[in-house]
Amino acid sequence: MTTGSAIAARGLRKSYGDKTVLDGIDLTVPDGTVFSLLGPNGAGKTTAVKILSTLISADAGDLRIGGQDPATDARAVRAAIGVTGQFSAVDGLITGEENMLLMADLHHLSKKEGRRVAAGLLERFDLTEAAKKPAATYSGGMKRRLDIAMTLVGSPRIIFLDEPTTGLDPRARHDMWQIIRELVTGGVTVFLTTQYLEEADQLADRIAVLNGGKIVAEGTAGELKRIVPGGHVRLRFSDPAAYRSATAALSDAVRDDAALALQIPGDGSQRDLRVLLDRLDAAGIEADELTVRTPDLDDVFFALTGPAATVPHQPKEALR
Ligand SMILES: Nc1ncnc2c1ncn2[C@@H]1O[C@H](COP(=O)(O)OP(=O)(O)OP(=O)(O)O)[C@@H](O)[C@H]1O
């Protein structure tokens, strides 16, 4: 097992009846980083979170959370972690403040300390004004913020966020991303599941894609994007003569004569671009427009999961 890892799992297996949900997965999450587990509906993400957060046990595998083994010391693991998301702890019938104080009681804080911690967290998550209202009256974003605030009462070092922004509007989602970034800046390790690939792209240091019970790819967002084909640079010209000399110089380019455009395959990396720009300079070619198309995480997701496993859809375009 790796030391310095907030989460380390080897050969994790879980079946329900004859359905294998996790078929021997390995995960390593370094301290103070954001790790995102991606996968289609039913891939087993929530099952993985439940095992890692001691809510259910694995059928097999070796697991350390915060250096502790949940099989032998679940209490120590629970003391180190916080879980929010699909199984939210927020009670809608009581106020936000009462939810916080209940949490403080659960963590055996004194009344005075509980009130201090609750007030501080309500303030931090912009809930002071709503603190005396029943949580059921809160917006989706406010409920998620309260949920995270409640989790932080126990000062966890590792937080599991199971689809923390599902159903939130774009502003509330960006607020949540900011909260997650601040948690990590404060040294917390975040294990995030999400259906939003952009979310993983924005937040995660490393991403694992779960499909068919196995981790089918793992890496940084950039590494994952480079494993799917489809990246290229597109050069567009307004002068037909410049286009013709470019076509002659770049024999590997795909021509679009009608648009006076050339497409040169590449992975979109800095090195790849430099090589191309050097070739253009050497041939004295100046394009009017240069566009880099790199595969995005959607392409990775489509390429690695589901029935169309080898047909990435059209990459999004980034104008440079
Ligand atoms: N308690 C259970 N008993 C039987 N089957 C279960 C149980 N919990 C989960 N499953 C099955 O295990 C599979 C994985 O479920 P899980 O909720 O972990 O997936 P998920 O990746 O989180 O999906 P989603 O994105 O839809 O939340 C599903 O086929 C689900 O039906």
Side-chain angles (χ1 to χ4, degrees), residues 7-29 34-63 65 70-71 74 77-78 81-90 140-141 143-144 147-148 151 158-169 172-173 176-177 180 189-204 206-219 221 224 296-309 313:
I7 300 169
R10 291 288 169 273
L12 219 53
R13 306 182 71 84
K14 181 76 183 175
S15 300
Y16 289 111
D18 56 7
K19 182 176 172 51
T20 303
V21 178
L22 300 178
D23 192 9
I25 66 167
D26 298 340
L27 295 171
T28 305
V29 183
V34 181
F35 185 91
S36 182
L37 189 61
L38 293 180
N41 286 335
K45 303 180 295 294
T46 301
T47 302
V49 169
K50 284 183 174 169
I51 292 171
L52 298 175
S53 59
T54 78
L55 289 174
I56 59 173
S57 54
D59 298 336
D62 195 8
L63 193 54
I65 309 292
V77 173
R78 284 184 200 131
I81 67 170
V83 188
T84 76
Q86 292 188 12
F87 26 94
S88 160
V90 174
K143 275 187 200 142
R144 300 287 166 89
D147 201 9
I148 292 202
T151 304
I158 304 164
I159 296 189
F160 294 91
L161 299 172
D162 196 16
E163 300 193 9
T165 64
T166 298
L168 295 187
D169 66 35
R173 177 168 303 146
M176 188 58 72
W177 290 356
I180 294 169
T189 304
V190 173
F191 188 98
L192 171 85
T193 75
T194 180
Q195 297 187 7
Y196 301 110
L197 304 163
E198 190 199 353
E199 184 158 293
D201 209 351
Q202 285 280 333
L203 296 174
R206 293 189 75 74
I207 297 168
V209 182
L210 184 63
N211 193 48
K214 295 194 182 290
I215 303 288
V216 290
E218 204 208 309
L224 291 182
D296 62 15
L297 274 187
D298 286 339
D299 298 302
V300 177
F301 194 79
F302 285 118
L304 295 175
T305 68
H313 78 290

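Whatever order the structure lists them in is the order used to number ligands and atoms, beginning at 1. Just so you know, these numbers use all the heavy atoms, side chains as well, and skip hydrogens, waters and symmetry mates. As the structure is a computational prediction, the values presented were derived from the model and not from experiment.
Take N41 and apply the side chain to side chain donor-acceptor pair (under 3.5 Å) test, not counting sequence neighbours, and it matches Q195. By the ring-ring contact (aromatic ring centres under 6.0 Å, His included) test, F191 pairs with F35, F160, sequence neighbours left out.
In this structure, the side chain of K14 does not engage the main chain of A48 through any donor-acceptor pair within 3.5 Å.
Each of T47, I51, L210 was evaluated against V21; a single residue qualifies, T47, per the side chain to side chain contact (heavy atoms under 4.5 Å, CB included) test.
Ligand 1 is approached by G44 to a heavy-atom distance shorter than 4.0 Å. By the 4.0 Å heavy-atom criterion, K19 is counted among the residues contacting ligand 1.
Of all atoms in ligand 1, numbered sequentially from 1 with element shown, those under 4.0 Å from a heavy atom of E163 are 25 (O), 27 (O). Atoms of ligand 1 lying under 4.0 Å from at least one heavy atom of K45, given by number and element, are 18 (O), 19 (O), 20 (P), 21 (O), 22 (O), 23 (O), 24 (P), 25 (O). Close approach to A43 involves these atoms of ligand 1, each under 4.0 Å from a residue heavy atom: 19 (O), 20 (P), 21 (O).
Looking at T166, L210, T47, V21, it is T47 that brings a heavy atom closest to atom 18 (O) of ligand 1. For atom 14 (C) of ligand 1, the nearest non-hydrogen atom from the set G42, G213, S15, P40 belongs to G42.
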Steps toward side-chain contact (heavy atoms from CB on, under 4.5 Å) verdict (L197, L38): CA-CA 8 Å; L197 304 163; L38 293 180; 3.4 Å; yes

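Between R13 and D59 there is no salt bridge, since none of the side-chain N atoms of the basic residue sits less than 4.0 Å from a carboxylate O of the acidic one.
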